[in-house]
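All values derive from a computational prediction rather than experimental measurement. Ligands are counted one by one from 1 in listed order, and the atoms in each one are counted from 1 as well.
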Amino acid sequence: MVLRNAANGTYKRVILKDNRVIGAVLYGDVADGMWYNELLKSGDCVEDIRDTLIFGQAYQGGGAAADPLAAVANLSDDAEICGCNGICKGTIVDAITEKGLTSLGEVRAHTKASASCGTCTGLVESVIALTLGDSFEKKVEGMCGCTDLGHGEVRRLIKAQGLKSIPAVMQELEWKTPEGCAKCRPALNYYLLSDWPGEYVDDQQSRFINERVHANIQKDGTYSVVPRMFGGMTTSSELRAIADIVDRYDIPSVKVTGGQRIDLLGVKKEDLIPVWKDLNDAGMISGAAYAKGLRTVKTCVGKEWCRFGTQDSTGLGIKLEQYLWGSWSPAKLKLAVTGCPRNCAEATCKDIGVICVDSGYQIVYGGAAGLHIQGTTELGSVKTEEEVIEVVGALTQYYRETGFYLERIYKWADRLGYDHIRETIFDDPEARKAYADRFAFSQQFAQVDPWAERVAGTDAHEFTPMADLKLEAAE
Ligand code: SF4
């Protein structure tokens, strides 16, 4: 049995044999995962509920089943709640009662339930609520063990109190630790960079290893180097330069990436600076393939080459990447521009996508195609490339100003609400322009190639990790 609801991103497939559940696949709404799993393990006959089985436990009649909390109450103690870490309901209940746990954070710390992908967070909270009854109050989670303040409160206070350095934040907001930790330092560094462009100086010591070394460290200790190719376009001279660099530095692997660029894999640490210099000399800059920031703008060939193309999707993708590169954001940001609704550039699963149509451009956002899979939601349609650039700049800036560190754009949009975001940066032209202007202002300070800085020795960044923060482990 299959239930597919494209509007809310739900897909359910339940497989039956002889009126018994033998398998289930859920995307989007996974709340009934435990229930299907219980039915699968018990081998109970589902003939009586077969017609409504696909809709979930709440549709099976009976007062208890219609109540999500009652549904969790009905789960057996060995029902698996956290699939990532294999934690059962009974383990969570025992930890709460035996150790006196009262919050999600404490349950995470003691049991590891909901500590990995987070999909089961709602279920874990239901188990806590059932176990503690009225004494359970859902609290805002602190950013980390260094503070009880959540990300939203910290962001608000940084602006409200004009805090412009990490020590100032820690002192004024009464951090519990003198130096912070691998969770809060990178977050604070990003918030200050985003809130005070041109004033706050990026603290490289508060960045994860890949951002500090401007390359992705690989499992054998070598690095991957990805030059930027605006809109996925390259030239014969760039390709010759890359080929010469591969030969010169004996780089073992060259890979075309999903973001339409070329990845040089296996670069030795001592060769990083000469490789960057040679790439710079050939006119290429860092592709920021390691960054919590703008990664790529993928494009299709568009109307210049394709008979279905409605607009110059490649040219627009290049313009967008030229506008956005260098910007830091709460999490990585990937875009695509596709020349018609056939969607060869896969714009509808990107953080931000542009779909060219005969009448102009549809702007979509909030897609995901990693651990979580989700199609984009439409933000609105415009008629010109200039409008696309303004809207994308405004959307990016709103995300930059209100996102929580490591919160991908689809999670941010879920938290703020798609209607609210559209009203804020699409329906209101003045607000849209104000956000776009702030983005353009901050780009003055952001569009500096880190490879060129490192080659010139003007960045003064430490090349070795700061051991006490253990940022590599967190990465
Ligand atoms: S998305 Fe449309 S325009 Fe672009 S390559 Fe595919 S068919 Fe052609």
Side-chain angles (χ1 to χ4, degrees), residues 4 6-7 9 11 27-28 226-239 242 254-263 284 287-289 294-325 332-370 372-396 399 408-410 413 418 422 426:
R4 190 195 312 261
Y11 174 88
Y27 286 105
V226 183
R228 192 167 287 289
M229 287 178 176
F230 291 89
M233 293 296 286
T234 186
T235 62
S236 57
S237 60
E238 283 185 354
L239 292 173
I242 289 171
V254 182
K255 171 103 178 56
V256 176
T257 73
Q260 300 181 333
R261 318 195 274 195
I262 291 178
D263 190 351
M284 287 173 271
L294 190 273
R295 295 278 182 95
T296 53
V297 182
K298 189 172 180 175
T299 65
C300 76
V301 293
K303 79 171 181 185
E304 188 181 356
W305 296 101
C306 178
R307 64 201 166 102
F308 298 114
T310 62
Q311 309 284 351
D312 177 13
S313 49
T314 314
L316 178 56
I318 291 170
K319 285 179 194 161
L320 279 169
E321 193 161 346
Q322 286 171 338
Y323 177 53
L324 297 166
W325 79 265
K332 62 187 170 186
L333 197 61
K334 296 180 178 181
L335 278 71
V337 184
T338 200
C340 81
R342 286 171 180 77
N343 198 19
C344 295
E346 299 157 342
T348 53
C349 64
K350 297 296 183 205
D351 295 300
I352 303 175
V354 180
I355 303 163
C356 300
V357 290
D358 285 326
S359 59
Y361 308 86
Q362 290 172 354
I363 302 169
V364 296
Y365 72 114
H372 183 75
I373 298 176
Q374 173 172 313
T376 48
T377 297
E378 184 167 352
L379 179 63
S381 294
V382 295
K383 292 199 177 324
T384 66
E385 287 191 343
E386 289 69 30
E387 289 173 292
V388 172
I389 290 168
E390 183 182 74
V391 171
V392 170
L395 176 63
T396 304
Y399 171 50
R408 292 294 295 269
I409 202 165
Y410 71 93
Y418 285 85
R422 192 186 60 248
F426 191 81

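Under 4.0 angstrom from ligand 1, there are no non-hydrogen atoms of Thr310.
A 4.5 Å side-chain heavy-atom check between Ile262 and Leu239 finds at least one atom pair inside the cut-off. Contact check for Ile242 versus Met229: side-chain heavy atoms found under the 4.5 Å cut-off. Counting heavy atoms from C-beta outward, Leu316 and Val354 have side chains that approach closer than 4.5 Å. Contact annotation: the side chain of Thr314 never approaches that of Glu304 to less than 4.5 Å [non-hydrogen atoms, C-beta and beyond]. For the pair Phe426/Leu395, no side-chain contact is recorded, criterion being any heavy-atom separation below 4.5 Å from C-beta on. No side-chain heavy atom of Arg228 sits under 4.5 Å from any side-chain heavy atom of Met284.
Of all protein N, O or S atoms, those under 2.8 Å from atom 8 (Fe) of ligand 1 number 1.
No hydrogens or angles considered: nothing links the side chains of Gln374 and Thr377 as a donor-acceptor pair under 3.5 Å.
Atom numbering of ligand 1 starts at 1 in the shown order; those under 4.0 Å from a heavy atom of Asn343 are 1 (S).
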